[in-house]
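Residue numbers begin at 1 in each chain, while the letters A, B, ... track the order of the sequences. Bear in mind the structure is a predicted one, so any value in this text is a computation, not a measurement. Just so you know, these numbers use all the heavy atoms, side chains as well, and skip hydrogens, waters and symmetry mates.
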Amino acid sequence: MNPKPRLLQVLDVVTAVLFVVAVGMVFFYAPMERTMGQVQRVFYFHVATAWVGMLGFLVAAITGILYLVRKERRWDTAGLAAIEISLVFFFIAIVSGSIWARPTWGTWWTWDPRLTTATIVELVYAAYMLLRAGIEDPDRRARFGAVYAILGFLSVPLTFISIRLLRTIHPVVIGGGSSAAEGDFSMTPKMLQTFMFSLLVFSFIFADLLWHRLRLGQLADKVEQLRLKTIH
Amino acid sequence: MEPIETTNYMFAGYAVIFGVMLVYLVSLFVRWRKLKQDVQILQELEEKEP
């Protein structure tokens, strides 16, 4: 396995610095929201982690198409890497949202369209991990993974538009939301800057983690090949 | 109007965010180290084979 590329080392450092700045902005730069109080600060990373989730699922759908067209193993490795990262970040978004909801909505959980569709997305991709782990033949596994990632992605825009089309208590940050939304707030310029910066930083985190996870996938492939060589 | 006291929920939220991210980073590191060891062992086995 090649040593860590210089660009990845730079990306690690840049991402870490940006992350520290984002944390600083969340706690010390963005003002406290006047109704919800301190818990509103969860919003910045809650949305950013959900963004990483959706971004990864999109990347997996694209790599799925690329695998079906080109039949190159690297696209399967990339798809798996993207989905694994997205599952983790989408899980964070769901749990952090639930913690925010407790003082704001008075409940940890409600089967609201957004929460329901987000849970479906998480379960769809958790099933992807379980099902592909049960397929031994690498080519069949990759083909299955590609088709699943493309079809599974249909659940993602459904989550995104659910709060824009249906009656929901989940607030909408960008664009008009449902009149039933609870916990809605107007962002001050400092809040907006912190929010946009958090989205940017989490995009860096996604790129950085994806690169690391790709290297891990390549190393796993190498181990698999060496095992096969040793057996035969 | 005074904002409601929700500091504990903020800490809980960020504990989850930082905690899960840290666990994932550690899992990447552990898997990487284990695979590196596997590569080393398998290469040694390959070299020993006639």
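By the 4.5 Å heavy-atom criterion applied to side chains, A/E84 and B/L28 are counted as neighbours. In this structure, the side chains of A/T104 and B/I4 stay at 4.5 Å or more apart for every pair of heavy atoms. Residues A/L219 and B/W32 form a side-chain contact, since some pair of their non-hydrogen atoms from C-beta on lies under 4.5 Å apart. Using a 4.5 Å cut-off on side-chain heavy atoms (C-beta onward), A/M36 and B/M10 make no contact.
The number of heavy atoms from other shown groups lying within 6.0 Å of OH (A/Y29) is above 12. Other residues, nucleotides and ligands contribute at most 12 non-hydrogen atoms within 6.0 Å of the CZ atom of A/F91. Within a 6.0 Å sphere centred on NZ of B/K34, heavy atoms belonging to other residues, nucleotides or ligands number 12 at most. Other residues, nucleotides and ligands contribute at most 12 non-hydrogen atoms within 6.0 Å of the CZ atom of A/F204.
Using a 4.5 Å cut-off between heavy atoms, B/Y24 touches chain A through its side chain atoms alone. A/I85 touches chain B through backbone and side chain together, each having a heavy atom under 4.5 Å away. Using a 4.5 Å cut-off between heavy atoms, B/F18 touches chain A through its side chain atoms alone. If you measure heavy-atom distances from B/L35 to chain A, the contacts under 4.5 Å come from both the backbone and the side chain. Neither the backbone nor the side chain of B/I41 comes within less than 4.5 Å of any heavy atom of chain A.
Here the shortest heavy-atom pairing between A/V223 and B/L42 reads O-CD1, 3.7 Å. Of all the heavy atoms in A/M32 and B/P3, the pair that sits closest is CE-CG, 3.4 Å. The shortest non-hydrogen separation linking A/V39 to B/Y9 is CG2-CB, 3.5 Å. Of all heavy-atom pairs between A/G37 and B/T6, the closest is C-OG1, 3.5 Å. Nearest approach of A/Q38 to B/T7, heavy atoms of both residues: CG-OG1, 3.5 Å.
Of the listed residues A/R102, A/H212, A/H46, the one with more heavy-atom pairs under 4.5 angstrom with chain B than any other is A/R102.
To the nearest 0.5 Å, atoms CD1 (B/I17) and CD1 (A/I99) are separated by 8.0 Å.
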> Which is it for B/M21 and A/F45 under the side-chain contact (heavy atoms from CB on, under 4.5 Å) test, yes or no, and what are the steps along the way?
Replying inline: CA-CA 12 Å; B/M21 283 173 74; A/F45 283 10; 6.0 Å; no
